[in-house]
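Fair warning: this is a prediction, and the values are worked out from it, not measured in the lab.
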Amino acid sequence: MKPPNIRLVCLDIDGTLTDGVGGPAIPGTVEAVREIRRRIPVRLVTNTTSLPHRALAEGLMRQGFLDEPAALVTPATVARRVLPERGHARGILFVEPGAREDFAWCDEDPAGPAVLLATEGHGLGIADMQPAFRRLLDGAAFYTLQRNRYYRKGDQLVTDLGPLAAFLAYASGREAETLGKPSPLLFDSVTAESGVRRQEIAMVGDDAEFDVSASVALGMAGVLVRTGKFRPEDATRFTPRPTAVLGSVAELPAWLGIVDAHP
């Protein structure tokens with residue numbers, strides 16, 4: 001059943017619209033997004049950290065998911081706004097080489113006031129984390145782009161940023177502030193830009209915990225799709241439960257009560 005007064009739809013990308021980061025569209029999703037966008041504003045909201053905003057936006061526009069780059073919201077865009085405002089645009093940065101352009105504003109300084117985790121760290125070793133550990137012990141602010149546990153890469157599940165953030169948090173006794181989903185910082189930036197309240201937003205994704213349950217806890221509708229990393233137990237695994245569970249985004253227009261007037 002459609003919740004009342006949905007005025008903005010936020011869509012996860014990897015596993016929800018596409019099969020992997022930069023991968024092919026999941027069947028029916030491009031058509032569904034176009035249909036929704038004719039009636040309701042759409043924002044693509046991703047925790048992907050391996051590609052810069054520019055490359056993600058270009059690929060999504062080619063596929064037909066995105067009509068303008070500004071409609072793509074990433075944790076890196078939130079970091080660019082929040083950290084300089086707090087005087088934390090200097091410090092230790094862990095980032096994928098291919099995504100470094102999103103952090104040109106960050107002055108890498110091992111003695112700086114912040115530690116920013118922006119990679120799942122598959123190529124890092126324990127020794128690489130020691131300078132950040134020591135800075136956190138000395139009082140540096142700790143940020144992570146997101147806390148996802150794992151994601152699907154090809155035909156395998158691999159660890160995401162969450163385990164690396166948990167390692168540093170446990171070692172230092174300092175919890176990281178999250179900049180991506182499900183952080184209020186990210187969704188408050190969406191509400192400020194769109195003029196829509198949280199309770200008027202539907203967040204749709206394949207991650208039952210961070211896309212869906214956390215969004216419901218923040219007052220939004222949370223729609224879980226059975227694609228990407230979805231597993232059968234996910235529909236009842238987390239509290240609060242999803243507002244709805246759909247086979248894929250292809251079913252979303254019907255759930256929203258949208259009838260395509262353009263056959």
Side-chain angles (χ1 to χ4, degrees), residues 10-18 20-22 43-60 66 69-86 88-89 91-106 108 114-122 124 132 141-151 153 158-166 168-169 175-194 198 201 203-207 209-215 218 220 228-229:
C10 289
L11 295 163
D12 174 54
I13 301 171
D14 178 17
T16 300
L17 298 180
T18 64
V21 178
R43 299 292 182 272
L44 304 189
V45 182
T46 180
N47 275 352
T48 295
T49 59
S50 58
L51 293 174
H53 185 278
R54 172 193 53 78
L56 280 171
E58 288 173 355
L60 292 164
L66 198 64
L72 171 64
V73 183
T74 71
T77 62
V78 178
R80 185 178 62 214
R81 176 179 60 85
V82 171
L83 270 65
E85 288 177 354
R86 297 180 178 182
H88 291 163
I92 295 175
L93 170 66
F94 294 104
V95 64
E96 290 294 309
R100 188 171 290 274
E101 67 186 68
D102 280 348
F103 300 91
W105 53 268
C106 182
E108 293 191 58
V115 172
L116 175 56
L117 184 60
T119 173
E120 59 269 19
H122 293 165
L124 296 174
F142 185 18
Y143 299 96
T144 182
L145 290 195
Q146 41 104 328
R147 289 178 184 264
N148 291 36
R149 301 177 193 277
Y150 57 87
Y151 65 99
K153 187 174 184 179
V158 296
T159 55
D160 212 325
L161 267 72
L164 195 55
L168 282 172
E175 284 299 321
E177 184 170 7
T178 305
L179 299 166
K181 295 177 295 183
S183 168
L185 286 172
L186 183 144
F187 286 110
D188 286 348
S189 71
V190 171
T191 60
E193 170 269 326
S194 65
R198 284 190 200 170
I201 296 175
M203 177 68 221
V204 184
D206 66 320
D207 188 315
E209 183 177 13
F210 294 113
D211 286 336
V212 180
S213 181
S215 296
L218 288 174
M220 296 176 278
K229 65 182 176 184

K.L.:
For P182 versus L218, what's the shortest heavy-atom pair and its separation?
P.N.:
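Distance-wise, the nearest heavy atoms are O-CD1, 3.3 Å.
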K.L.:
Which pair of non-hydrogen atoms, one from F94 and one from L124, has the smallest distance, and what is that distance?
P.N.:
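Here F94 and L124 meet closest at CD2-CD1, 3.9 Å.
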K.L.:
Closer than 3.5 angstrom, by distance alone: can the side chain of R147 be matched with the main-chain N or O of A176 as a donor-acceptor pair?
P.N.:
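Side chain of R147 to backbone of A176, a donor-acceptor pair under 3.5 Å: yes, one is there.
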K.L.:
Is it the case that the side chain of H53 and the backbone of D102 share a donor-acceptor pair, with hydrogens and angles ignored and the cut-off at 3.5 Å?
P.N.:
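Judged by distance alone, no pair lies under 3.5 Å.
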K.L.:
Do L44 and L60 make a side-chain contact, defined as non-hydrogen atoms from C-beta onward lying under 4.5 Å apart?
P.N.:
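SC-SC contact between L44 and L60 confirmed.
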K.L.:
Atom OG1 of T46 and atom CG of D12: how far apart are they, to the nearest 0.5 Å?
P.N.:
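One finds 5.5 Å between OG1 of T46 and CG of D12.
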K.L.:
Looking at Y151, is its backbone amide N or carbonyl O close enough to the side chain of D160 to form a donor-acceptor pair, meaning the two atoms are under 3.5 Å apart?
P.N.:
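Checking the backbone N and O of Y151 against the side chain of D160, no donor-acceptor pair under 3.5 Å is found.
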K.L.:
So, taking the atom named CZ in R81 and the one named CZ in R86, what distance separates them when rounded to the nearest 0.5 Å?
P.N.:
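R81 atom CZ to R86 atom CZ measures 9.0 Å (nearest 0.5 Å).
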K.L.:
Minimum heavy-atom separation for F142 to A169, with atom names?
P.N.:
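Shortest heavy-atom contact: CE2-N, 4.0 Å.
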K.L.:
With side-chain contact (heavy atoms from CB on, under 4.5 Å) as the test, would you mind laying out the steps for V73 and V190 before giving the verdict?
P.N.:
CA-CA 8 Å; V73 183; V190 171; 4.2 Å; yes
K.L.:
Measure the CG-OH distance between L185 and Y143 for me, rounded to the nearest 0.5 Å.
P.N.:
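Reported value, rounded in 0.5 Å steps: 8.5 Å.
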K.L.:
Please report the closest heavy-atom contact between F187 and S215, naming both atoms and the distance.
P.N.:
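Distance-wise, the nearest heavy atoms are CZ-OG, 4.0 Å.
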K.L.:
Within the side chain of N47, is there an N or O that forms a donor-acceptor pair under 3.5 Å with the backbone of K181?
P.N.:
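Yes.
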K.L.:
Any pair with a residue in residues 48-57 that passes salt bridge (charged side-chain N to carboxylate O under 4.0 Å, His left out), sequence neighbours left out, goes on the list, sorted by first then second residue, please.
P.N.:
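Qualifying pairs: R54-E58, R54-E101.
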K.L.:
Show your reasoning for whether side-chain contact (heavy atoms from CB on, under 4.5 Å) applies to H122 and T159.
P.N.:
CA-CA 8 Å; H122 293 165; T159 55; 3.4 Å; yes
K.L.:
If you compare all heavy atoms of G98 against all heavy atoms of P52, which two are closest, and at what distance to 0.1 Å?
P.N.:
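Nearest heavy atoms, G98 then P52: O-CD, 3.0 Å.
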K.L.:
Under 3.5 Å, side chain of D14 to main-chain N/O of G20, donor-acceptor pair present?
P.N.:
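Yes: the side chain of D14 pairs with the backbone of G20.
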K.L.:
Hey, does V82 have a side-chain heavy atom less than 4.5 Å from the side chain of E177?
P.N.:
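No, too far: nothing below the 4.5 Å cut-off.
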K.L.:
For T16 and G205, which heavy atoms make the closest approach, and how far apart are they?
P.N.:
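Scanning both residues completely, I find the closest heavy atoms to be OG1-CA, 3.3 Å.
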K.L.:
Before you tell me yes or no, could you show the steps for T48 and T74 under side-chain contact (heavy atoms from CB on, under 4.5 Å), namely the whole-Å CA-CA distance, both residues' side-chain angles and the distance that decides it to 0.1 Å?
P.N.:
CA-CA 7 Å; T48 295; T74 71; over 6 Å; no
K.L.:
Does the S183 side chain pair with the main chain of T178, one donor and one acceptor, at a distance under 3.5 Å?
P.N.:
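Here the side-chain-to-backbone pair exists.
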K.L.:
Closer than 3.5 angstrom, by distance alone: can the side chain of D206 be matched with the main-chain N or O of K229 as a donor-acceptor pair?
P.N.:
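Flag set: sc D206 to bb K229 pair under 3.5 Å.
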K.L.:
Indicate yes or no for a side-chain donor-acceptor contact from T191 to the backbone of R198 under 3.5 Å, with no hydrogens or angles considered.
P.N.:
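No.
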K.L.:
Could you state the interatomic distance from OG1 (T49) to CD (E120), rounded to the nearest 0.5 Å?
P.N.:
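Interatomic distance, T49 OG1 to E120 CD, rounded to 0.5 Å: 4.5 Å.
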K.L.:
Which residue is it: T144, L83, L186, L117? I am looking for the one with a side-chain contact (heavy atoms from CB on, under 4.5 Å) to L179.
P.N.:
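With L179 as partner, side-chain contact (heavy atoms from CB on, under 4.5 Å) holds for just one option, L83.
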K.L.:
For the CZ atom of F210 and the CE atom of M203, what is their distance to the nearest 0.5 Å?
P.N.:
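Answer rounded to 0.5 Å: 13.0 Å.
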K.L.:
Any chance you could lay out the side-chain contact (heavy atoms from CB on, under 4.5 Å) test for L93 and R100, step after step, and finish with the verdict?
P.N.:
CA-CA 10 Å; L93 170 66; R100 188 171 290 274; 4.1 Å; yes
